[in-house]
Amino acid sequence: MRTVFVNGVYLPEDQAQISIFDRGFLFGDAVYEVTAVMNGKLVDFDAHMDRLARSMAELDMVRGYERSALLTIHKNLIKRNNLQEGLVYLQLTRGAADRDFDFSDLDVAPGLVLFTQAKSLEVNPLAARGQKIVLADDLRWGRSDIKTVQLLYASLMKTRAKRQGADDVWLCRDGKITEGSSNNAYIVTRHNEIITRALSTDILHGITRAAVLKIAELHQLKVIERAFSVDELKDAKEAFSTSASGFVNPVVTVDGADIGDGQPGQIASALRSSYVSASQAAAC
Ligand code: PDD
């Protein structure tokens, strides 16, 4: 059984409890991060903590934890659970108080929950066979750049995609792709240009995205940060997604139609293996 961390205490997962008044539970008033673990080490921990701080600031969440304390908890959980490869999930809520939309006078301790998930990241069948995706309208709220736990729409659309026999959903606004259910979205054009939506309030500012775009530039691949249309996606040579839990995963079909030759693309596969080596080297 896993050991988890809840509000200052390490305990077996079946003994962990949170208040029914926790605002994360009642209002989705919480932010989170998911950090990959490779060989027992955290991938890009500082970048994840920078984004956590940004999410908190955007939501006026003033009470948090020191980064060094959060690092200690991550490391303790990795050790206690003997995690070699997988994820650490962190959720920080505004805290527990009687239900009230207004939090202006709230002065309670934030809620903090962390747990590990063992998962094979380097070896992933989806990377080898490529993902089938379907498209759906992006009906999420307008601040997808904030990593809140309000994930219902993404969860609903991913479930529908799975029920249709696909692996994931990519979301569209005004005929252009925003991002995947829990990953950033890219195409590779016939001129070998990598196109991905520019950072804005429309998408999560992916930590893997930043790392992969750097690697692409090192490989002297041209990267263009702009929105791409559904037609451009269908006409692309390759497509792929990035996230902390999936790394780089090629996309081979969209709404049942092949992308390129319907096989994982060369550029996506090369970026995936470079990312795996680079992230292992930089893990702490
Ligand atoms: N999701 N876009 C969305 C909507 C996401 O939820 C995620 C991450 C990403 C990729 O961000 P990063 O590269 O920092 O993981 C993009 C995580 C993995 C999750 O919710 O499990």
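The figures here come from the full heavy-atom set of this structure, side chains too, leaving out hydrogens, waters and symmetry mates. We count ligands from 1, going down the list as the structure has it; atoms in each ligand are counted the same way.
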Next on the checklist: Are V88 and V37 packed together at the side-chain level, in the sense that at least one heavy-atom pair is separated by less than 4.5 angstrom?
Outcome noted: yes
Next on the checklist: Within the structure provided, determine whether I18 and V6 are in side-chain contact (heavy-atom separation under 4.5 Å).
Outcome noted: yes
Run the salt-bridge test on [X] and [Y] with the 4.0 Å N-O cut-off and return the result as yes or no.
| X | Y | value |
| --- | --- | --- |
| D168 | K132 | no |
| E193 | R226 | no |
| K237 | D261 | no |
| R143 | E58 | yes |
| E225 | R209 | yes |
| D138 | R140 | yes |

Item to check | Winner among S182, A154, A47 once heavy atoms are compared against atom 5 (C) of ligand 1 | outcome: S182
Checklist entry - Should one rank L87, V34, L171 by closest heavy-atom distance to atom 21 (O) of ligand 1, which comes out on top? => result V34
Checklist entry - Between F103 and R94, is there a cation-pi geometry (under 6.0 Å to ring centre, at most 45° from the normal)? => result yes
Checklist entry - F27 ring centre to R23 NZ or CZ under 6.0 Å, with the angle to the axis within 45°? => result yes
Do [X] and ligand 1 have an N or O pair less than 3.5 Å apart?
| X | result |
| --- | --- |
| R51 | yes |
| Y32 | yes |
| A244 | yes |
| T208 | yes |
| L151 | no |
| N184 | no |

Checklist entry - Got the closest protein heavy atom to atom 17 (C) of ligand 1, with its distance? => result K147 NZ, 3.5 Å
Item to check | Top protein contact for atom 11 (O) of ligand 1, by heavy-atom distance | outcome: G206 CA, 3.5 Å
Checklist entry - Does at least one non-hydrogen atom of H205 fall below 4.0 angstrom from an atom of ligand 1? => result no
Next on the checklist: With a cutoff of 4.0 Å, is R140 in contact with ligand 1, counting heavy atoms of the residue only?
Outcome noted: yes
Item to check | Within reach of ligand 1, part of S181 (heavy-atom separation under 4.0 Å) | outcome: backbone
Checklist entry - Between L204 and ligand 1, which residue portion shows a heavy-atom distance shorter than 4.0 Å: side chain, backbone, both, or neither? => result side chain
Item to check | E179: numbered ligand 1 atoms lying under 4.0 Å from its heavy atoms | outcome: 2 (N), 3 (C), 4 (C), 16 (C)
Item to check | S245 neighbourhood, listing ligand 1 atoms whose heavy-atom distance to it stays under 4.0 Å | outcome: 18 (C)
